[in-house]
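The figures here come from the full heavy-atom set of this structure, side chains too, leaving out hydrogens, waters and symmetry mates. Being a predicted model, the structure only gives us computed values, none of them experimental.
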Amino acid sequence: MSEQLDILIFGAHADDAEIGMAGTIAKHTALGSRVGICDLTYAEMSSNGTVETRIEEAEQAAKILGLRVRTNLGLPDRGLYVTPEHIERITAEIRKFKPRIVFAPYWQDRHPDHIACSTLIQEAVFNAKLRKYLPETEPVNVEQMYFYFINDVYDADFIVDVTDYYETKTAALSAYRSQFITGQGTVATPLNQGYVERVEARDRLMGQKRMIQYAEGFVSKLPLLVDRFD
């Protein structure tokens, strides 16, 4: 029987979640939250690295971040579409881990797989609560769904102060050497041309809005509930 998670984060590829919210992940695992990541694909279409390399890097990043679990659905890289089969696979993952909170990529991004992933997760979160959908498994009602940024940044509804955990984020990103570091046999891509430095600059700029060193931004489609104003 699978362990119930507090937070389940979905990404199209290993490193998506780390780019968008590794600091937030590290902060929550350090505070005792049960956090997991589900990568939809093995990123087999990546210009650099191999499937085997990507698996090893993802496992290393998972250890750095203190994840309870990291899974991969093995859906086709650059073949993510909103199909019943893909929605069923993701819905089953949500029902397996019963998370209170789900994160998905923001629905606008330069990479089509990130956009498709966002739509698929939204469909699956909705279906996960339907009693007559996949009736052989128990329905799950996700309490909150939030969206994180990967390549492109838009207006955030809220930010998380990750200053104290930014070294952990940097270490997790550094695990993906095949993607972010140039070497023999690699080809130039946007990821190994100063991408990590741009992520850090983005997180600094996000933090500057509230006079903190580093922050990660998120979006909610539902209004944020406030009990009172202090």
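- Tracing side-chain contacts under 4.5 Å through hydrophobic residues (I, L, V, M, F, W, Y), one never reaches L8 starting from L67; they form parts of separate clusters.
- Here ring pair (Phe, Tyr, Trp, His ring centres under 6.0 Å) pairs that include residues 201-230, with residues two or more places apart or in two chains, are F103-F218, F158-F218, Y166-Y214.
- Here D16 pairs with nothing under the salt bridge (charged side-chain N to carboxylate O under 4.0 Å, His left out) rule; sequence neighbours left out.
- Between the side chain of E3 and the main chain of R68, no donor-acceptor pair closer than 3.5 Å is present.
- Listed by first then second residue, pairs satisfying ring pair (Phe, Tyr, Trp, His ring centres under 6.0 Å) with a partner in residues 58-80 number zero, not counting sequence neighbours.
- Using a 4.5 Å cut-off on side-chain heavy atoms (C-beta onward), F147 and D157 make no contact.
- Here OG1 of T186 is found 10.0 Å from CD of Q179. Values are rounded to the nearest 0.5 Å.
- Note that CG of D161 is 12.5 Å distant from CE of M211, once rounded to the nearest 0.5 Å.
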Test side-chain contact (heavy atoms from CB on, under 4.5 Å) on Y195 and N151; report intermediate values, then the result. CA-CA 9 Å; Y195 186 87; N151 294 309; 2.6 Å; yes
Enumerate, atom names and distances included, each donor-acceptor pair closer than 3.5 Å involving a side-chain atom of residues 129-143, sequence neighbours excluded.
from, atom 1, to, atom 2, distance (Å)
T137, OG1, R95, NH1, 2.8
T137, OG1, L134, O, 3.1

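- Of the inter-residue distances, the one linking T170 atom OG1 with E200 atom CD reads 6.0 Å to the nearest 0.5 angstrom.
- H28 has its side chain within reach of I7: a pair of non-hydrogen atoms, C-beta onward, lies under 4.5 Å apart.
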Mind running side-chain contact (heavy atoms from CB on, under 4.5 Å) on Q108 and D152 for me, showing each step along the way? CA-CA 7 Å; Q108 295 183 57; D152 305 317; over 6 Å; no
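- Applying the side chain to side chain donor-acceptor pair (under 3.5 Å) test to Q4 and every residue at least two apart in sequence or in another chain returns nothing.
- Counting only residues at least two apart or on different chains, no salt bridge (Lys or Arg N to Asp or Glu O under 4.0 Å) pair has a member in residues 173-195.
- Side-chain contact of Q122 with S118: a donor-acceptor pair under 3.5 Å is present, judged by distance alone.
- The CD atom of Q213 lies 11.0 Å from the CG atom of D203; values are rounded to the nearest 0.5 Å.
- For the side-chain contact (heavy atoms from CB on, under 4.5 Å) criterion with I90, the lone passing option out of V125, V102, N127, L120 is L120.
- Between the CG atom in L225 and the OG atom in S220 there is a gap of 10.5 Å [rounded to 0.5 Å].
- A donor-acceptor distance shorter than 3.5 angstrom exists from the side chain of E216 to the backbone of G23, with no hydrogens or angles considered.
- Connection of L40 to I150 is not established within any shared hydrophobic cluster, with ILVMFWY side chains joined at heavy-atom distances below 4.5 Å, either directly or through further cluster members.
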Which is it for K221 and W107 under the side-chain contact (heavy atoms from CB on, under 4.5 Å) test, yes or no, and what are the steps along the way? CA-CA 11 Å; K221 284 194 171 183; W107 54 89; 3.6 Å; yes
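- The shortest heavy-atom contact between G217 and I159 is CA-CG2, 4.0 Å.
- Shortest non-hydrogen contact noted between D155 and V219 is O-CG2, 3.5 Å.
- Heavy-atom minimum distance, C117 versus A12: SG-N, 3.7 Å.
- Under a cut-off of 6.0 angstrom, the local environment of CD in E167 is sparse, with at most 12 non-hydrogen atoms contributed by other residues, nucleotides or ligands.
- In terms of heavy atoms, S178 sits closest to G49 at CB-CA, 3.8 Å.
- Under the 4.5 Å side-chain heavy-atom criterion for grouping Ile, Leu, Val, Met, Phe, Trp and Tyr, I212 is not connected to V162 through any hydrophobic cluster.
- Legend: residues meeting side chain to side chain contact (heavy atoms under 4.5 Å, CB included) with I55, ordered by chain and number and at least two apart, are Y42, V51, E59.
- Taken together through direct or relayed side-chain contacts under 4.5 Å among Ile, Leu, Val, Met, Phe, Trp and Tyr, V35 and I101 form part of one hydrophobic cluster.
- Counting all heavy atoms, side chain and backbone alike, V196 lies closest to F180 at CG2-CG, 3.6 Å.
- Side chains of T189 and N192 form a contact here, defined as non-hydrogen atoms less than 4.5 Å apart.
- Remark: D164 engages no residue in a side chain to side chain contact (heavy atoms under 4.5 Å, CB included) (not counting sequence neighbours).
- With sequence neighbours excluded, the residues satisfying side chain to side chain contact (heavy atoms under 4.5 Å, CB included) with Q208 are L205.
- Sorted by first and then second residue, the side-chain hydrogen bond (donor to acceptor under 3.5 Å, both in side chains) pairs with a member in residues 29-38 read D6-R34; sequence neighbours excluded.
- Inter-residue side-chain proximity for V160 and K27 is flagged as met; some heavy-atom pair is nearer than 4.5 Å.
- Between P99 and I94, the shortest heavy-atom distance links the atoms CD-O, 3.3 Å.
- Distance check: M145 CE to F126 CZ gives 12.5 Å after rounding to the nearest 0.5 Å.
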I25 and I37: side-chain contact (heavy atoms from CB on, under 4.5 Å), yes or no, with the steps? CA-CA 10 Å; I25 294 170; I37 291 178; 4.0 Å; yes
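- Applying the side chain to side chain donor-acceptor pair (under 3.5 Å) test to Y176 and every residue at least two apart in sequence or in another chain returns E18, R70.
- Residues D39 and R54 are not paired through a salt bridge, judged by the lack of any N-O separation under 4.0 Å between the basic side chain and the carboxylate.
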Going by atom type alone, with no hydrogens or angles, which donor-acceptor pairs under 3.5 Å involve a side-chain atom of residues 71-82 and a protein atom two or more places apart or on another chain?
from, atom 1, to, atom 2, distance (Å)
T71, OG1, E93, OE2, 2.6
N72, OD1, G74, N, 2.8
N72, ND2, T41, O, 2.8
D77, OD1, H13, NE2, 3.0
D77, OD2, E44, N, 3.4
D77, OD2, M45, N, 2.8
R78, NH1, D113, OD1, 3.0

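- Cluster annotation: I121 and I87 are assigned to the same hydrophobic cluster (Ile/Leu/Val/Met/Phe/Trp/Tyr, side-chain heavy-atom contacts under 4.5 Å, transitive).
- Annotation: side chain of I19 is not in contact with side chain of Y148 (no heavy-atom distance under 4.5 Å).
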